[in-house]
Amino acid sequence: MFASHSPAPDPAGPGGHADSAGPSGPSPADSPGRPVRRDARRNREKLIAVAQAAFAAAEGPVPLEAIAREAGVGIGTLYRHFPTREDLVDAVYASELDAVTASAPGLLDQHPADVALRAWTGRYAAFVATKRGMMDTLRTALASGRIAAPSRERVTTTIGTILERGAATGTLRADVDPDDVATLLIGVFAAIMDGAPRERTDRLLDLLVDALRPRA
């Protein structure tokens with residue numbers, strides 16, 4: 001796991017200004033605070049966008065300094081928004097998770113619930129597999145449960161929606177806790193992070209969904 005970093009002094013970003021006023025300047029609460037907040041929000045969004053691309057393209061850990069430089073901000077700005085590497089990883093994970101969770105209703109409209117669950121878990125696994133540049137941090141955060149609660153809750157809620165449809169139609173068991181399924185998925189993702197080939201990932205997901213189908 002990567003160690004936490006203490007915030008460093010923030011060099012001025014492009015245009016010669018930082019995210020917030022210095023000690024002698026006005027605070028955001030005093031007045032011209034709104035532009036400062038907009039700048040901070042834009043910087044945060046730029047950092048997440050750059051980190052998404054960097055984590056997807058890299059074969060190993062990405063230096064945070066490189067992310068800050070590519071985003072056009074100082075390293076202190078990055079640490080102000082994301083005090084640790086885990087915080088940045090969670091922000092990237094959460095922002096991209098939206099598309100994964102949003103795909104579930106469409107899959108349920110097109111397929112029986114068990115088939116939709118298998119398709120959705122496959123999509124989720126593909127999402128995790130693209131995170132090569134943050135594998136070590138993501139592995140540790142998933143295993144320890146440090147991925148932010150809202151992210152975990154969104155996944156669990158999505159699984160619960162699919163399970164509920166499956167229970168109503170008889171294609172999935174009615175006695176399954178969605179959080180248990182999320183925990184099993186973390187085990188599959190651990191195999192992905194350890195370099196499991198796509199074929200093994202598919203087998204693991206098939207086993208998981210098969211275990212959730214009603215017993216004859």
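We're numbering straight along the sequence, starting at 1.
For the atom pair OG (S103) and CG (D98), the distance works out to 11.0 Å, reported to the nearest 0.5 Å. Between atom CZ of residue R69 and atom CD1 of residue I75 there is a gap of 9.0 Å, rounded to the nearest 0.5 Å. Atom-to-atom distance recorded for E164:CD and T169:OG1 is 11.0 Å, nearest 0.5 angstrom. How far OG1 of T161 is from CG of L117: 11.5 Å, rounded to the nearest 0.5 Å. A distance of 4.0 Å separates CD1 in I48 from CZ in R44, rounded to the nearest 0.5 Å. If you take CG on D114 and CZ on R165, they are separated by 12.0 Å, rounding to the nearest 0.5 Å.
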### Message
With ring pair (Phe, Tyr, Trp, His ring centres under 6.0 Å) as the criterion, how do F127 and Y93 come out once you've worked through the C-alpha distance, each side chain's angles and the decisive distance to 0.1 Å?
### Response
CA-CA 9 Å; F127 155 76; Y93 178 87; 5.6 Å; yes
### Chi angles and distances behind the side chain to side chain contact (heavy atoms under 4.5 Å, CB included) call for F55, L88
CA-CA 11 Å; F55 289 150; L88 179 58; 4.2 Å; yes
### Task
Determine, stepwise, if the pair T201 / V188 fulfils side chain to side chain contact (heavy atoms under 4.5 Å, CB included).
CA-CA 7 Å; T201 300; V188 175; 4.3 Å; yes
### Query
Step by step, would you call Y124 with V155 a side chain to side chain contact (heavy atoms under 4.5 Å, CB included)?
CA-CA 10 Å; Y124 195 0; V155 170; 3.3 Å; yes
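Across every non-hydrogen atom of A104 and T158, the tightest pair is CB-CG2, 3.4 Å. Looking at every heavy atom in both residues, H81 comes nearest to A40 through CE1-O, 3.2 Å. In plain terms, the two heavy atoms of V73 and N43 that are nearest each other are CG1-OD1, 3.5 Å. Scanning both residues, G160 and P178, for their nearest heavy atoms gives CA-CG, 3.6 Å. Minimum interatomic distance between L108 and A116 (heavy atoms only, all atoms of both residues): CD2-CB, 3.8 Å. In this structure, W120 and V100 approach most closely via the heavy-atom pair NE1-O, 2.9 Å.
Considering only heavy atoms from C-beta on, E70 stays 4.5 Å or farther from I67 through its side chain.
A side-chain donor-acceptor contact under 3.5 Å links R173 to the backbone of A211.
One finds a salt bridge joining R213 and D210 here, because a Lys/Arg side-chain nitrogen approaches an Asp/Glu carboxylate oxygen to under 4.0 Å. Under the 4.0 Å criterion applied to side-chain N and carboxylate O atoms, R198 and D202 are assigned as salt-bridge partners.
Linking ILVMFWY side-chain heavy atoms closer than 4.5 Å, directly or via other members, places V115 and V209 in two distinct hydrophobic clusters.
With I159 as reference, L163 is the one residue of T157, L163, I162 to meet the side chain to side chain contact (heavy atoms under 4.5 Å, CB included) rule.
Of the N and O atoms on the side chains of D87 and T84, at least one donor lies less than 3.5 Å from an acceptor on the other residue.
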